[in-house]
Amino acid sequence: MQGMNLAEMAHVVNVLPPQDISGGATGDRFHLKKHRKASIIVSVGASAAAFTKILVNECDAASAGNSNAIPFSVYKEETDAGDTLGARTAVDAAGLTPSANDNIFYVIDLDARELTDGFPFVEVQLTNGSGNSVLASVVAVLTGARYAHDQNETVLS
């Protein structure tokens, strides 16, 4: 078999199911204690206008607790219905201002070593100060499992 079976070689987290982020939205937190990398895909569908920011926060608990906005790297696809990512770009802790185009996506690359000790949880915020209707979703693909095994260990005959 060539390629990668995503369901067996990675852990997929539905951070923010597709929804209208009018007024902003914060996705579910996930942790990188057992994985080395997170590829976070922010997908934007139809929008009345661009939302304000994409922020990545490190957190010290699964809910509540302390959180800090952190810098990250991103690959952008900002053309309507395109599928070719641009070059890796550094983004400071103030976050990324997204394009106003419809049907775009971003891939955020995050290494677990970039998180502060004691802050193993990650949270993605999509802020929308203007309150415009924007359809968006966030999915994280965690790779580099520290204790890897087949997700489905059933033996097929």
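From a predicted model like this one, the values you see are computed outputs, not experimental measurements. Heavy-atom basis, side chains included; hydrogens, waters and symmetry copies ignored.
- Residue pairs that meet the salt bridge (charged side-chain N to carboxylate O under 4.0 Å, His left out) test with at least one member in residues 126-140, sequence neighbours left out, do not exist here.
- The side chain to side chain contact (heavy atoms under 4.5 Å, CB included) test applied to Ala49 returns Asn132, not counting sequence neighbours.
- Residues satisfying the side-chain hydrogen bond (donor to acceptor under 3.5 Å, both in side chains) criterion with Glu123, sequence neighbours excluded, are Arg29, Asn57.
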Please test Ile104 against Thr79 for side-chain contact (heavy atoms from CB on, under 4.5 Å), starting from the C-alpha separation and ending with a verdict. CA-CA 6 Å; Ile104 61 174; Thr79 58; 6.0 Å; no
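- Here the straight-line distance linking atom CG of Asn14 with atom OG of Ser137 works out to 7.5 Å at 0.5 Å rounding.
- In this structure Pro71 satisfies the side chain to side chain contact (heavy atoms under 4.5 Å, CB included) test together with Ala93, sequence neighbours excluded.
- In this structure, Asp20 CG and Ser133 OG are separated by 3.5 Å, a value rounded to the nearest 0.5 Å.
- Listed by first then second residue, pairs satisfying salt bridge (charged side-chain N to carboxylate O under 4.0 Å, His left out) with a partner in residues 41-54 number zero, not counting sequence neighbours.
- Minimum interatomic distance between Ala50 and Pro98 (heavy atoms only, all atoms of both residues): CB-O, 3.8 Å.
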Can you give the donor-acceptor pairs under 3.5 Å from side chains of residues 115-122 to other protein atoms, not counting sequence neighbours?
from, atom 1, to, atom 2, distance (Å)
Thr116, OG1, Glu58, OE1, 3.2
Thr116, OG1, Glu58, OE2, 2.8

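- Screening residues 42-52 for side chain to side chain donor-acceptor pair (under 3.5 Å) gives Ser47-Asp102 as the qualifying pairs, with residues at least two apart or on separate chains.
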Any chance you could lay out the side-chain contact (heavy atoms from CB on, under 4.5 Å) test for Ile40 and Val139, step after step, and finish with the verdict? CA-CA 6 Å; Ile40 304 165; Val139 172; over 6 Å; no
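- The CG atom of Asn128 sits 6.0 Å away from atom OG of Ser22, with the distance rounded to the nearest 0.5 Å.
- In terms of heavy-atom proximity, Ala61 sits nearest to Ala64 at CB-O, 4.3 Å.
- Rounding to the nearest 0.5 angstrom, the gap separating the CG atom in Asn103 from the CG atom in Leu135 is 9.5 Å.
- Under the side-chain hydrogen bond (donor to acceptor under 3.5 Å, both in side chains) criterion, Thr89 pairs with no residue, sequence neighbours left out.
- Inter-residue side-chain proximity for Phe30 and Val15 is flagged as met; some heavy-atom pair is nearer than 4.5 Å.
- The cluster map of Ile, Leu, Val, Met, Phe, Trp and Tyr, joined by side-chain heavy atoms under 4.5 Å apart, puts Met4 and Leu142 in different clusters.
- A search for side chain to side chain contact (heavy atoms under 4.5 Å, CB included) contacts involving Ala136 returns Ile21, Leu126, not counting sequence neighbours.
- Pairing each heavy atom of Ser39 with each of Val107, the nearest pair is CB-CG1, 4.4 Å.
- Across every non-hydrogen atom of Gln19 and Ala25, the tightest pair is OE1-CB, 4.3 Å.
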Are Leu96 and Tyr106 close enough, and set up right, to give a side-chain contact (heavy atoms from CB on, under 4.5 Å), and what steps lead you there? CA-CA 10 Å; Leu96 174 71; Tyr106 300 91; 3.7 Å; yes
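- Sequence neighbours left out, the pairs with a member in residues 65-88 that pass salt bridge (charged side-chain N to carboxylate O under 4.0 Å, His left out) are Arg88-Asp109.
- Distance check: Asn68 CG to Leu55 CG gives 12.0 Å after rounding to the nearest 0.5 Å.
- Applying the ring pair (Phe, Tyr, Trp, His ring centres under 6.0 Å) definition to pairs two or more places apart or across chains, none involves residues 45-91.
- Distance check, rounded to the nearest 0.5 Å: CD1 of Ile54 to CD1 of Ile108 gives 5.5 Å.
- Here the side chain of Glu114 pairs a donor or acceptor atom with the backbone of Asp111 at under 3.5 angstrom.
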Would Val56 and Leu110 satisfy side-chain contact (heavy atoms from CB on, under 4.5 Å), going step by step from the backbone distance to the final call? CA-CA 9 Å; Val56 177; Leu110 188 61; 4.3 Å; yes
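- Linking Ile, Leu, Val, Met, Phe, Trp and Tyr whenever their side-chain heavy atoms come within less than 4.5 Å leaves Phe105 and Val74 in two separate clusters.
- Applying the side-chain hydrogen bond (donor to acceptor under 3.5 Å, both in side chains) test to Thr143 and every residue at least two apart in sequence or in another chain returns nothing.
- Proximity of Leu6 to Val141: side-chain heavy atoms (C-beta onward) are separated by under 4.5 Å at one or more points.
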